[in-house]
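Step one of this worksheet: look at the structure below.
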Amino acid sequence: MNSFLGFIKKEFYHIFRDPRTLMVILGIPISQMLLFGFVIRTEIQDVKVAVFDQSNDYMTTRIIDKLESSGYFSVEEYLENTNDVEAMFKKGNIKEVLVFEPGFAEKTLRDGTASVQLLADASDPNIARMVTTYTQNIIRSFEHEEFQQQTVPMQINVQNRMFYNEEAKSVYMFVPGLMAMIMMLVSAIMSSVSITREKELGTMEVLLVSPLRPLQIILGKVTPYLLVAFIDAVLIVLMGNLVFEMPINGSLTLLLSVCFLFIFLSLSLGILISTIAPTQLIAMFISMIGLMLPTMLLSGFIFPIENMPKVLQWFSAIMPARWFNDVVKDIMLKGSGFFSIIKEVAILTGMSVLFVVVSVKKFKIRLE
Amino acid sequence: MDTSRKIIEVQNLVKKFGHFTANDNLTFDVFGGEIFGFLGANGAGKTTAMRILCGLSKPTSGTLQVNGFDVYTQSEKIKKTIGYMSQKFSLYEDLTVAENIRFYAGIYGIGYRERRKRQQELLERLKMPEIKNQLVKSLPLGWRQKLAFLVAVMHNPGIVFLDEPTGGVDPVTRRQFWELIYESAARGVTVFVTTHYMDEAEYCDRVSIMVDGKIEALDTPRKLMEQHNAQNMEEVFLHLARN
């Protein structure tokens, strides 16, 4: 036990004496969090739009008012025709044009339907999609109010309220994703690099010749990173909650337990990588290409899984981060309890067991 | 050298990697307190044999005992009673001298009081007590090598394995290093050393020379030179390696 504690102490010396390591484990989580939170916002604000209103009646005026008062849009121009739409988009200020058909109010009252066309600048498809969705929602809500004023019973509401994230706040999307990414980074990359460093320096042989068992060596190497990654997880949850007001509706204990499970999984991946990689550089490379990129791209952190091609959806199913993302969102936003996340927890546990078994096998082969 | 006490007993050691035979039927003994030189060209199989004796690798066949323990079944006991210094530098450069000592003492289960005593002794042997709190990377290479050796024998092992310990070290430091080895041998530590330097081979009590996985010669340097009618060990080595 004493030699184990000594081992962990030594590992902390390595961490605290290397400015690069310190930067990765403390600097990156905080800076990424602030970056994603303040800069890479995916919600929209004061988007400039133009309107071509061919009816100019009370309904279209109210829709436009509603758009402006939402805070998401500011109407910059009123058009007389749609000829210069393209030129306008090319200039890049206007992101969307609303075209109301003639006789909007009249048609609505008579036929129960009228149409408005949304033209969006899709040179940035994500923003275009968001802008049109926001506009649609505002029109829907107007429609909803109109129907309520009428005395027609049992109207069908076309309600497009976004559940759990009414304001479509992007912070709710990226906090779980960022947690997954940072924990992968700290646990898998840092631990695999630190193990391969001992191999490269030759100290690993000295450790293997010593009375320490391989399992003790591995545990001694990864335990500090377990603690550090856990502190990072707490840090991200705290920042998400205090700075960006992301709620924690579910149990904090459950949330942290799931984080712990995910860190354990990432560490087992890190050990696996270290058994394959002979040098720090290769360990870093495998971790970056094999873990970080897929984690960012396929876990639903940046791109919604539903929009992926089928094949990539299957791939995303083997990404641990994807299941972790789901669980964290469930707990933080929906306030889900243990029984509703049991499937994801089982998958994550299964993956960890698999990686541990494979790493232990690999480690033994290396000793032969 | 105490020929009645066998520290290493190897009989018919064979190690194969697939079809390649790295160690072809090695048989030799190493006696208590001797300095045993293990020589051979690169790829002759000396590192493989040494790794097997240290428990880093498993033999394909043969009977082997280290410190009276069986390599197959008692490797845990062997590990407690051997020291090892690898080809690469084996201390942590971002730790201080004292922290390195504390770490390795911890691994070998040396308690606090005993550690303090041995640390004191070790620094005195190095003749530089003031480096205790310096980071290892700030020390000159020669000092580091000597420190690494003393740390490797800090837990008083029956035998210490040195894998090319003086690679890249200047002649003066090499001589100082060998003085430390003699000192340890005089204290009863058996030294098993591989080296490329033939002048160092002459410092050994006995030398074995491996060629292509086999031990081609094993005797005292003087007898080997007589047998091969050579002026120095270099000539012996070249004579054996060429045939």
Side-chain angles (χ1 to χ4, degrees), chain A residues 1-25 190 193-221 223-225 275 278-280 361-368, chain B residues 15-17 47 50-60 66 75-96 98-112 115 135-137 148 151-152 154-155 157 159-161 163-165 167:
Chain A
M1 201 58 212
N2 253 337
S3 59
F4 186 65
L5 285 181
F7 205 118
I8 290 176
K9 201 166 165 188
K10 167 215 136 209
E11 213 49 48
F12 273 116
Y13 285 139
H14 290 321
I15 295 174
F16 289 125
R17 284 183 191 168
D18 182 22
R20 279 177 305 175
T21 309
L22 266 185
M23 223 200 57
V24 171
I25 61 177
M190 296 312 282
V193 166
S194 114
I195 294 174
T196 41
R197 180 168 57 204
E198 300 240 9
K199 279 207 254 177
E200 232 175 283
L201 293 179
T203 44
M204 185 54 99
E205 285 202 339
V206 180
L207 295 179
L208 287 171
V209 169
S210 81
L212 289 176
R213 289 162 189 278
L215 188 68
Q216 282 178 306
I217 298 173
I218 292 299
L219 284 180
K221 289 294 299 177
T223 307
Y225 292 98
T275 61
T279 64
Q280 296 178 69
K361 280 234 162 94
K362 282 254 172 201
F363 202 83
K364 278 196 177 141
I365 290 168
R366 213 162 60 79
L367 282 182
E368 288 305 308
Chain B
K15 174 68 180 183
K16 287 183 179 171
F17 295 103
T47 302
M50 187 157 174
R51 288 174 63 87
I52 289 171
L53 290 170
C54 295
L56 283 173
S57 176
K58 294 262 176 283
T60 308
V66 175
S75 64
E76 293 309 315
K77 284 186 177 151
I78 292 176
K79 286 180 171 182
K80 280 183 190 147
T81 56
I82 62 171
Y84 176 73
M85 184 177 158
S86 78
Q87 222 163 344
K88 295 173 193 161
F89 183 64
S90 50
L91 297 177
Y92 295 97
E93 301 195 342
D94 53 343
L95 264 56
T96 67
E99 282 160 358
N100 267 296
I101 292 174
R102 198 186 311 151
F103 174 65
Y104 282 111
I107 286 181
Y108 286 94
I110 301 171
Y112 173 76
R115 188 187 83 222
L135 290 183
V136 168
K137 67 175 159 216
V151 168
M154 183 175 55
H155 58 289
I159 181 167
V160 61
F161 293 90
D163 194 1
E164 288 171 24

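Every chain is numbered from 1, with letters handed out A, B, ... down the list of sequences.
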task = Kindly write out the residues that satisfy salt bridge (Lys or Arg N to Asp or Glu O under 4.0 Å) with A:R17, not counting sequence neighbours, or none if the list is empty.
result = B:E99
ask   = Between B:S86 and A:E205, which heavy-atom pair has the shortest distance, and what is it?
value = CB-OE1, 3.8 Å
query = Listed by chain and number, what are the salt bridge (Lys or Arg N to Asp or Glu O under 4.0 Å) partners of A:E200, not counting sequence neighbours?
reply = none
inquiry  = So for atom CZ, which belongs to A:F12, do other residues, nucleotides or ligands contribute more than 12 heavy atoms lying within a distance under 6.0 Å?
reply    = yes
message = Under 4.5 Å from any heavy atom of chain A, what part of B:L135 do you find: side chain, backbone, both or neither?
response = side chain
inquiry  = To check you understand the geometry: which heavy-atom pair defines the closest contact between A:Y13 and B:L95, and what is its length?
reply    = CB-CD1, 3.7 Å
request  = Among the options B:E76, B:M85, B:K80, B:K79, pick out the one with the most heavy-atom pairs lying under 4.5 Å from chain A.
outcome  = B:K79
ask   = In terms of heavy-atom pairs under 4.5 Å, which option from A:K10, A:E198, A:R213 contacts chain B the most?
value = A:K10
query = Using 30° and 60° as the class limits, which term best fits the ring planes of A:F7 and B:F103: parallel, tilted or perpendicular?
reply = perpendicular
ask   = With a 4.5 angstrom heavy-atom cut-off, which part of B:Y104 approaches chain A: side chain, backbone, both or neither?
value = side chain
Which atoms of B:I52 approach chain A - backbone, side chain, both or neither, heavy atom under 4.5 Å = neither
query = Between A:L207, A:L201, A:V209, which shows the greatest number of heavy-atom pairs under 4.5 Å with chain B?
reply = A:V209
task = Find the distance between CG (B:L56) and CG (A:L208) and round it off to the nearest 0.5 Å.
result = 6.0 Å
